[in-house]
Amino acid sequence: PTPKDTDMELPNAATNSGDKKFALPVDSENKATEFRIYSAAAPHMRAFHLSWVSFFACFVSTFAAPPLLPIIRDNLNLTSTDIGNAGIAAVTGAVFARITMGTACDLFGPRLASAALILLTAPAVFCSAMANSPVSFLLVRFFTGFSLATFVSTQFWMSSMFSAPVVGTANGVAGGWGNLGGGATQLIMPLVFSLIRDIGVTKFTAWRIAFSIPALFQTLSAFAIFFLGQDLPDGNYSRLQKSGDKHKDNFKQVLYHAVTNYRGWILALTYGYCFGVELTVDNIIAQYFYDRFNVSLHTAGIIAASFGLANLFSRPGGGLLSDVVAKKFGMRGRLWTLWIVQMLGGLFCILLGKVGSLGVSVAVMLIFSVFVQAACGLTFGVVPFVSRRSLGVISGMTGGGGNVGAVLTQVIFFRGSRYSAETGITLMGVMIICCTLPLLFIFFPQWGGLFCGPSSKGITEEEYYMSEWNSTEKDKGFHKASLKFAHNSRSERGKKVDSALTPSNETPPTHV
Amino acid sequence: MAARGFLVASLLLSCLAVTCYGVTFSSLQRTLLVTASPTPGQVLKAGEDQKITVTWSLNQTFPAGIDSTYKMVKVKLCYAPISQVDRAWRKTVDNLVKDKTCQFKVVAKPYSPSNNSFTWTLERDVPSATYFVRAYAYNSEDVAAGYGQTTDAHKTTNLFEIQAISGRHASLDIASVCFSAFSVLSLGGFFFMEKRKAARVSK
């Protein structure tokens with residue numbers, strides 16, 4: 001395809017001739033090779049800031065109700081069962097939405113896909129002000145929860161903008177800072193509520209007005225994405241697809257190779273017991289502290305917020321740890337670290353339910369939050385290597401699995417009055433431990449698993465990743481990108497292996 | 001070492017003190033007679049200036065002097081069992097410090113054995129539920145020493161309902177719908193703009 005001059009269309013569009021200067025150093029695909037957090041330079045860093053802020057907004061909206069539940073439950077005459085059901089509904093929608101989002105990003109690009117999802121879920125947040133019964137409350141939480149699928153578009157967008165050496169950091173920070181919204185909302189909503197009440201509005205109306213803040217924030221972020229964002233360093237999908245620069249893969253094949261890879265399913269389960277647990281705690285923790293320790297709404301909000309706010313460093317830290325461990329121990333190191341960190345998260349969760357004094361409880365909760373969130377970051381240190389061809393669907397499956405874990409945990413332990421909240425938390429910790437055990441079964445023939453070294457048959461990275469393509473596709477040359485990735489992934493053997501690595505321009509890939 | 005021991009001891013003592021001061025409900029005698037104006041099963045509306053008149057006096061059948069320690073009476077609005085079902089935040093617990101049955105204060109008045117009455121306007125933030133009225137008599141250390149209530153011991157008779165305000169307003173509803181429509185319409189606008197850009201390129 002001949003290079004097209006597209007400068008007339010977008011002020012920051014790149015020409016294919018490559019003489020366009022970017023603010024950051026780029027590789028041959030024009031993906032940034034550096035991650036400069038204080039910059040907002042278009043298109044790379046701007047995409048980063050747009051994606052984390054919009055994901056943050058979606059988290060704020062999805063978990064806007066929990067800190068205000070002590071008021072809402074009296075206004076709408078909710079029972080514990082109603083509250084539990086609504087909490088489950090809030091995380092259920094995103095199970096399928098996350099899987100679908102991967103495909104939507106493929107078809108329309110992350111910019112349109114995320115802006116569309118955000119604008120379609122904003123009405124649910126606006127209409128939360130009209131809820132007047134347990135059913136309507138459940139419905140608004142259900143539809144608002146779909147917006148959590150922006151996780152997938154965030155990770156997809158970062159993978160499109162940042163090259164292998166920094167893509168892990170970009171993904172970890174974008175994911176972690178987005179998750180911050182779950183914590184920030186526990187501070188924001190009680191604050192907004194008390195401001196509105198202080199000007200004289202009655203409690204049962206004040207909480208309704210308070211919901212307009214996350215709703216407006218969400219809508220504005222979608223506008224920002226549309227007008228300021230760009231799918232790829234070279235431009236937007238709609239233009240690039242017309243010029244033939246992007247080849248569209250076979251959806252059925254991509255789906256097949258994702259679904260038949262057992263590692264994707266194991267990671268979906270274990271992600272359900274780090275991220276899923278994080279979502280559950282976002283839903284129940286404010287009420288837990290308010291009811292068990294008799295703190296004020298304001299204080300309960302602050303405590304609950306500190307859980308989510310740990311995401312500022314804990315999730316990115318987990319991702320970073322995964323990369324650091326992989327340098328010496330390769331994929332086996334990543335798996336071991338993930339297993340240890342998540343197990344410890346489970347132990348601290350058990351402890352949290354047992355602790356009866358406020359101060360110690362807060363301390364245990366904070367330690368628990370660091371381990372659980374780091375486990376999320378560590379999970380996405382393994383995900384990019386499970387499949388190259390079906391990366392989008394595997395990421396979506398893992399992300400969706402996170403939400404399934406949240407649904408399951410809330411259904412079993414936090415619905416109705418069968419278990420007290422503290423018993424539920426302890427039992428959740430036990431379940432974390434049980435559901436982290438399947439990690440022991442993950443085995444990569446080219447690198448090994450937790451207990452076994454690489455397969456004695458000497459399977460290489462190329463053989464593993466090429467098994468996803470059949471001969472017709474290989475004839476057409478579709479597998480070339482996977483081949484490149486396979487070669488670069490040799491670093492996952494760890495330092496002990498004799499460096500058969502041919503020096504290449506690209507340093508080993510981290511998360512995608 | 002000694003300092004740590006002292007700290008632990010004082011912590012334990014203070015914990016004990018708190019639980020000691022948590023008088024249990026079952027230890028109180030029903031020494032007060034309380035009546036309230038709502039008839040059994042009556043539905044009152046919050047936020048519409050509806051009033052409840054509560055009267056209370058000492059039950060003279062008790063031996064004289066039982067009220068010698070009573071200094072203050074606090075009258076409270078309490079949840080009936082039916083409104084406590086599946087709602088742990090309204091649970092009845094014997095330890096009065098942890099009890100959440102009575103969450104709304106009607107009035108606090110100095111104690112006198114007879115001629116006590118108070119008219120209370122239903123506040124706007126009272127939730128929809130079934131209620132009864134209870135009065136606690138407190139001694140000079142602010143520890144409950146006696147009580148009285150409008151219902152029986154099982155809290156099944158003489159209950160009344162209060163209907164809360166919805167908290168919704170027409171203006172809020174309209175604003176919500178307008179903003180929602182705006183979001184969806186702007187999405188349509190985005191897709192339209194995107195299509196036009198792509199069409200312009202292919203020309």
Side-chain angles (χ1 to χ4, degrees), chain A residues 4 6 8-10 70-71 73-82 108 112 115-116 118-132 202-209 211-212 215-216 218-219 222-223 226-227 236-239 241-243 287 290-291 294 357 416-417 420-421, chain B residues 11 15 46-47 79 82-91 97-98 100 103-104 123-130 161-191 193-203:
Chain A
K4 287 197 176 110
T6 54
M8 63 181 172
E9 194 198 297
L10 290 164
I71 316 291
R73 69 192 180 193
D74 277 343
N75 190 186
L76 303 182
N77 206 10
L78 305 174
T79 63
S80 292
T81 309
D82 294 330
F108 302 109
L112 276 184
I118 294 171
L119 285 175
L120 287 174
T121 48
V125 192
F126 283 116
C127 292
S128 303
M130 302 201 308
N132 63 353
T202 181
K203 266 184 357 189
F204 289 170
T205 305
W207 75 262
R208 296 168 184 279
I209 301 178
F211 267 77
S212 61
L216 285 169
Q218 204 177 307
T219 311
F223 273 74
F226 181 77
F227 288 112
N236 284 316
Y237 268 39
S238 46
R239 206 178 34 79
Q241 276 168 356
K242 297 273 180 197
S243 67
Q287 248 198 165
Y290 183 87
D291 290 334
N294 283 325
S357 87
S417 306
S420 66
Chain B
L11 266 169
C15 288
Y79 291 109
I82 194 173
S83 292
Q84 293 176 300
V85 170
D86 204 14
R87 291 179 179 89
W89 59 90
R90 295 180 184 169
K91 209 159 136 203
V97 170
K98 299 200 167 153
K100 304 216 170 139
Q103 295 188 11
F104 300 96
E123 282 162 17
R124 303 190 73 204
D125 59 0
V126 177
S128 293
T130 310
E161 271 178 55
I162 297 182
Q163 222 176 58
I165 57 167
S166 74
R168 288 175 64 181
H169 286 277
S171 50
L172 255 183
D173 291 354
I174 294 173
S176 303
V177 172
C178 285
F179 275 111
S180 307
F182 171 69
S183 304
V184 179
L185 288 173
S186 26
L187 179 64
F190 288 174
F191 271 107
M193 283 165 65
E194 201 68 5
K195 264 210 169 92
R196 268 212 328 204
K197 260 191 222 160
R200 240 190 296 145
V201 170
S202 52
K203 270 194 192 138

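In what follows, chains carry the letters A, B, and so on, assigned in the order in which the sequence lines appear, proteins first and then strands, with residues in each chain numbered from 1.
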Inset, instruction - Considering only heavy atoms and a distance below 4.5 Å, find which of A:Leu78, A:Thr219, A:Ile209 pairs most often with chain B. - result: A:Leu78
Legend entry - Any donor-acceptor pair under 3.5 Å from A:Asn132 side chain to A:Leu76 backbone: no
Legend entry - Contact class of A:Ala124 relative to chain B, heavy atoms under 4.5 angstrom: neither
Inset, instruction - Please identify each residue that fulfils side chain to side chain contact (heavy atoms under 4.5 Å, CB included) with B:Ile165, with sequence neighbours left out. - result: A:Thr202, A:Phe204, B:Arg124
Legend entry - B:Arg90/A:Asp74 salt bridge by N-O under 4.0 Å criterion: yes
Inset, instruction - Would you please classify the geometry between the A:Phe227 ring and the B:Phe190 ring as parallel, tilted or perpendicular, with 30° and 60° separating the classes? - result: perpendicular
Legend entry - Heavy-atom proximity to chain B below 4.5 Å, by part of A:Thr81: both
Legend entry - Qualifying residues under side chain to side chain contact (heavy atoms under 4.5 Å, CB included), relative to A:Ser80, sequence neighbours excluded: A:Ser417, B:Asp86, B:Trp89
Inset, instruction - Side chain from CB out, backbone as N, CA, C, O: work out which of these in A:Asp82 comes under 4.5 Å of a heavy atom of chain B, or both, or neither. - result: neither
Inset, instruction - Go through B:Glu194, B:His169, B:Lys100 and name the one with the most non-hydrogen pairs under 4.5 angstrom from chain A. - result: B:Glu194
Inset, instruction - Mark yes or no for whether B:Thr130, through its side chain, and B:Ser83, through its backbone, hold a donor-acceptor pair below 3.5 Å. - result: no
Legend entry - Among the listed options A:Cys127, A:Ala222, A:Ala116, the residue most often paired with chain B at heavy-atom distances under 4.5 Å: A:Ala116
Legend entry - Region of B:Leu187 that comes under 4.5 Å of a non-hydrogen atom in chain A: both
Inset, instruction - Against chain A, label B:Val177 side chain, backbone, both or neither, depending on which of its atoms sit under 4.5 Å from a heavy atom there. - result: side chain
